[in-house]
Structure formats: C-alpha cells, structure tokens
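Can you keep this structure in mind? I'll have questions shortly.
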There are 2 protein chains.
Amino acid sequence: MIIDEVEVCDDCCVHSDAVKNAADHMPPDAALYSVADLFKVFGDATRIKILYVLMENEMCVCDIAEVLGMTQSAISHQLKTLKQSRLVKFRRDGKSVLYSLSDDHVHTMIAQGMEHICE
Amino acid sequence: MIIDEVEVCDDCCVHSDAVKNAADHMPPDAALYSVADLFKVFGDATRIKILYVLMENEMCVCDIAEVLGMTQSAISHQLKTLKQSRLVKFRRDGKSVLYSLSDDHVHTMIAQGMEHICE
DNA sequence: TATACTTATGAACAGATGTTCATATGTTAA
DNA sequence: TTAACATATGAACATCTGTTCATAAGTATA
C-alpha cells in the first residue's frame, strides 16, 4: 500500500483513525521547528555552562571565558546564538558588554532538564 | 595576563570575585553534559513530532511514519534515540511494537519550550 | 587623535548528526 | 517450516555545528 509516496504496512493501517487523530492534533510545522530550534540552543554543553554562569551574576564576555577556560571568540559566538534565541540580554558598560539571563524561562527549562536526568 | 593557557583581559579580571563565585556554583561537568545531551534530543523537529504524536496515542512505528510522511527506517532510528534518553517506552503487541511517552516530563518540557517561543 | 582594550565576526576545518538504502532480526499465520 | 509482515540496524553520504584563527568594529583613556 502506498500513501503519500511512502510505503507503509497494511496491518498497521488498521490504526488509521489513530493516525488521523494524531495528524489533526499536530501543531503547525513552523511551531514545531521553532521549538526544536529552541531546544537545539540548550543542547550544547558550552551554552548550558554560559547560562549557569549567568544565573549567578551579570557578566562580561571575557569573565565568562575565564570561568569556562575557553577563548573569548568561542564564547562570543555562543552568546550570539543565545541572544538570537532571546535567552540572554545585554547592556554596555564602558568597554565591556554585560550579559544576563532574559527571563525565568531559562531557570525553569534547565531545572526541568536536570530533574529528568536525575531520576 | 595568562590564566590557564587562556589569554584574558586585565580590566575584566577586576571581576575575579564574580568569576570565582560562578565557578564555585557550577554543577559537575558530567551533569552539564547530560542536560545538554537531553536537550539535544529535543532539538530535532522529527523527534519533536514523534513526541507530539505519542501524546495523542500509543502508536506503532509504521503509523508514526505515516503520520509524519517519513520512512519507517528514519522513524526507527529516531525512536532509538528517544528510548536511550528514556523519553519513550514501548511494548510488543504481536508483530507491532507500540511506543508511548515515558512520563509527564515530556509534556512539561515541550510546553515550557512552546511558552518561550510564543512570547 | 592615537593607543589600548573589549567584543564581534567571517572563513575554514573537524567532528557530529539525520536520512537513505540494504538487510538482518523477530513475530505471526498458513 | 515457510512466507509475509513489522521493526531494528549498519554503512554511507550530505548537511549542520562548534571551535579556532585572523581581524574588524566599537569604546575609553592618555
């Protein structure tokens, strides 16, 4: 049996009502890709570390680099990603740029993740 | 000034107390990598779609494949990833293997993510 | 303005990731 | 047991991703 160019089994198609139901309750594709992209941002140890550091203090780029033992460039690149996802905000303070967490979602998200792996 | 093989600025090192504080409050590296890995699993649209489908019904592999319009192989590979992260569980039912969500963490995590992108 | 300092960015490279294809494994029914 | 069905898996391939290196852009001080 061929449906939408994809070959599927016959017995399973007995569940076609379930298939239909699931398809109907699916959020729009754009939303699904957006959430996936958001999680992708959390899906890197360096970025998680940066977020943890910023939970303690507002911090400049080179301080973060020092805490993590990484280059300024690497941190700056990652901060750009975090900015684009609106997970961190920033303000200029003289020569430095001070980064901090955008809102409480970051706390909540990470806490939720930690909870899962600690079970 | 050189610290730990990484060059850092001098002015920023005025914040060395903040640096020290942040470093002290950092969870162990293993935990950080584990959370990142968990988020990485959520960081793919196909896997997000699979999880959404499983919110509605317990489902077999080829039904999921049909809903998403993807090959059985692609879905099976992704289900393996989801199993390894304990996000889905499964049981055999005759020839089929029925997959379902492991626990409520999945709901909570995705809801949290959705909330963030909808702001 | 000139210099030093802090951050941002583009290109390049290596390693990771998702899908496909072919096929193996496992289950049921004839 | 044999045939048909459902799922799992390994290898290969193209794409994506994170870091490095070099350097540009922006800011403050002499």
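Remember, predicted model here, so these are calculated numbers, not experimental data. A, B, ... follow the sequence lines: proteins, then strands. Residue 1 opens every chain.
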Which listed nucleotide (D:dT7, C:dT6, C:dG10) is nearest to the side chain of A:S96? C:dT6
In Å, rounded to the nearest 0.5 Å, how long is the span from OH of B:Y52 to CG of A:L32? 6.5 Å
Could you check which of D:dT19, C:dT7, D:dT7 has an atom nearest any side-chain atom of A:A74?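 Of all the options, the side chain of A:A74 is nearest to D:dT19.
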Protein-nucleotide distance (B:F42, atom CZ; C:dT17, atom P), rounded to Å: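 One finds 16 Å between P of C:dT17 and CZ of B:F42, rounded.
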When the distance from OH of A:Y99 to C1' of C:dT6 is rounded to whole Å, what number comes out? 11 Å
With the side chain of A:T71 defined as its heavy atoms from C-beta on, choose the nearest nucleotide among C:dT7, D:dT20, D:dT19.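 Closest nucleotide to the A:T71 side chain: D:dT20.
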Please figure out whether B:S76 or A:D44 has its closest DNA chain D nucleotide nearer the 5' end.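 Nearest-nucleotide comparison on DNA chain D picks B:S76.
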Rounded interatomic separation in angstrom, taking CG from B:D63 and C1' from D:dT7: 13 Å
Could you give the CD-to-P distance, from B:Q72 to C:dA22, as a whole number of Å? 14 Å
Value in whole Å for how far the P atom of D:dC16 lies from OH of A:Y33: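 Spelled out: OH on A:Y33 to P on D:dC16 is 12 Å.
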To the nearest Å, give me how far apart CG (A:L79) and C1' (D:dT19) are.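 Going from CG in A:L79 over to C1' in D:dT19 covers 14 Å.
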Determine whether A:V19 and B:N57 satisfy the following criterion, side chain to side chain contact (heavy atoms under 4.5 Å, CB included), listing intermediate values before the conclusion. CA-CA 9 Å; A:V19 168; B:N57 290 290; over 6 Å; no
Among C:dA8, D:dT27, D:dT7, find the nucleotide with the atom closest to the side chain of A:K95. D:dT27
So, A:H77 and D:dT19: ring centres less than 5.5 Å apart, planes less than 30° off, yes or no? no
Using 30° and 60° as the class boundaries, would you call the ring planes of A:H116 and B:H105 parallel, tilted or perpendicular? perpendicular
For B:D37, which residues count as a salt bridge (charged side-chain N to carboxylate O under 4.0 Å, His left out) partner, sequence neighbours excluded?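 Only B:K40 meet the salt bridge (charged side-chain N to carboxylate O under 4.0 Å, His left out) criterion with B:D37.
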Protein-nucleotide distance (B:Q78, atom CD; C:dT17, atom C1'), rounded to Å: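 Distance check: B:Q78 CD to C:dT17 C1' gives 9 Å.
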Can you check whether B:R47 has a side-chain N or O nearer than 4.0 Å to OP1 or OP2 of C:dG18? yes
With respect to the side chain of A:R92, which nucleotide from D:dC21, D:dT19, D:dG26 is positioned closest? D:dG26
OP1 or OP2 of C:dT7 versus the side-chain N and O atoms of A:K80: is any pair under 4.0 Å?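 So the side chain of A:K80 is outside the cut-off, no N or O lying under 4.0 Å from OP1 or OP2 of C:dT7.
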N or O in side chain of A:K83 less than 4.0 angstrom from C:dA8 OP1/OP2: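 Yes.
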Minimum heavy-atom distance between A:F39 and B:G113, given as atom pair plus value: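 Scanning both residues, the minimum pair turns out to be CZ-CA, 4.2 Å.
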Taking only N and O in the side chain of B:T46, is any of them less than 4.0 Å away from OP1 or OP2 of C:dT19?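 For C:dT19, OP1/OP2 do have a side-chain N/O of B:T46 under 4.0 Å.
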Atom pair distance, as rounded to whole Å: CZ in A:F90 and C1' in C:dT6: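 About 14 Å, once rounded to whole Å.
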